[in-house]
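A quick note: this is a predicted structure, and the numbers were derived from the prediction, not measured.
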Amino acid sequence: MTTSWSRIALLYAIGVLAAGQLGIVPPLVPELQRDLGLSLAGAGTAVSVITLVGAVLGLPAGGWSQRIGHARALANGLAIMAVAAALCAAANDAATLLAGRTLAGIGYLLVVVAGPSLMAATAEPRHQPMTLSLWGTFVPTGIALAGLAAAAIADRGWRTIFAVDLVLLAAAVIVTVLAVPREGGVARGEEKPPAGALAASLPLAAAFFCFALLFLAVAGLLPAWLVERRGLAAADAGRIAAIATAFGIPGSLLAGSLMRAGVSPGRLAAIGLLGSMALAALCFTVLPLPLAVVGFALSF
């Protein structure tokens, strides 16, 4: 088998588009609060419910993706996110918006489960570590690009932004169906993990839970905080948050390099979590705005 770099690039782009669903809301929070009566707690839910869906449905989604085939699961996930974007664009109240975001979480989960499996299957064994390291950057890349795009066209209204998201997702469904070959699924029961795999993965799951909690709290509510507490315009706040989030990309690549060099993943996770918490606490409290922006970037 020869590595298909064009297909890997396509799969990565799909992952970035899916991760953009995490980054599209934060720059829109002030407008959503004004137009839909969304509380700050509701805004946090609108950002984080996508990952909450993943926490609840992650295991069954993985088995279902294997059963129907990862390519089909990928296309289904994109289609579900497209429907969710349409629901958000048409929302007239906070409940409808949150329902759309919950639906987006289901689609996002399918893409996150299927994407790395398809990338690994598309690469030669010697290229698989590189492709999976690349996949590890899709979340900060997607959040940063979505935040910058949303901030750039914020003056056209949040409904327009969700409508553009709908068009991109619908186009991605078509491209996926045409360009990603479908593989055979597995029979029911064959997708069960080896004995002991679940228990062994619990520490990693706990670490990722802590990371997601911190990351989404900072990335999701940073624009609203910059507007309300520091007096910035919504578009400027969205740009700052997006640029800060983008610093997670070199961080992901650096972590992959350190692990390949033999550094323990547990040690990296502990250092990253403790460092990020300390920086975020300082940035939200005592640091002046320029230093706070730098600190937020480093915390990602």
Side-chain angles (χ1 to χ4, degrees), residues 16-36 38-51 88 97 101 137-162 164-165 168 211-255 272-273 275-300:
V16 169
L17 179 60
Q21 308 313 302
L22 293 168
I24 194 173
V25 169
L28 308 179
V29 166
E31 288 76 13
L32 292 171
Q33 288 181 299
R34 181 194 65 213
D35 294 347
L36 301 181
L38 196 67
S39 66
L40 191 58
T45 303
V47 174
S48 62
V49 70
I50 287 181
T51 53
C88 291
L97 178 73
R101 295 293 291 168
T137 68
F138 84 100
V139 171
T141 302
I143 292 177
L145 291 177
L148 289 172
I153 59 174
D155 57 338
R156 301 191 181 186
W158 57 270
R159 295 186 190 277
T160 299
I161 293 172
F162 278 117
V164 172
D165 187 37
L168 292 175
F211 164 76
L213 187 66
L214 175 66
F215 184 88
L216 290 173
V218 176
L221 300 180
L222 179 57
W225 180 79
L226 289 171
V227 171
E228 294 179 5
R229 300 295 179 88
R230 297 301 177 98
L232 271 66
D236 292 335
R239 292 188 189 96
I240 289 174
I243 292 170
T245 305
F247 277 78
I249 300 170
S252 297
L253 295 174
L254 176 61
L273 286 172
S276 294
M277 285 190 293
L279 280 170
L282 289 172
C283 294
F284 276 119
T285 53
V286 300
L287 293 181
L289 182 58
L291 289 179
V293 171
V294 174
F296 282 127
L298 293 176
S299 71
F300 288 112

*Check step by step if side-chain contact (heavy atoms from CB on, under 4.5 Å) holds for Ile161 and Ile153.*
CA-CA 7 Å; Ile161 293 172; Ile153 59 174; 3.7 Å; yes
Side chains of residues 281-295: which donor-acceptor partners sit under 3.5 Å, not counting sequence neighbours?
residue, atom, partner, partner atom, Å
Thr285, OG1, Ala281, O, 2.5
Thr285, OG1, Leu282, O, 3.4

_Separation between CG of Leu32 and CZ of Phe162, rounded to the nearest 0.5 Å_ = 6.0 Å
*asked:* List the residues meeting ring pair (Phe, Tyr, Trp, His ring centres under 6.0 Å) with Phe138, not counting sequence neighbours, and say none if there are none.
replied: Trp135
_According to side chain to side chain contact (heavy atoms under 4.5 Å, CB included), who are the partners of Ala146, at least two apart in sequence or on a separate chain?_
none
_side chain to side chain donor-acceptor pair (under 3.5 Å): pairs with one or both residues in residues 138-153, sequence neighbours excluded_ = Tyr12-Thr141
Solution key, residues 19-26 side-chain donor-acceptor pairs under 3.5 Å, sequence neighbours excluded:
residue, atom, partner, partner atom, Å
Gln21, NE2, Leu17, O, 3.0
Gln21, NE2, Asp165, OD1, 3.1

*side chain to side chain donor-acceptor pair (under 3.5 Å) against Arg159, all qualifying residues, sequence neighbours excluded*: Asn92
_Gap between atom CD1 of Ile240 and atom CG of Leu226 - 0.5 Å precision_ = 5.5 Å
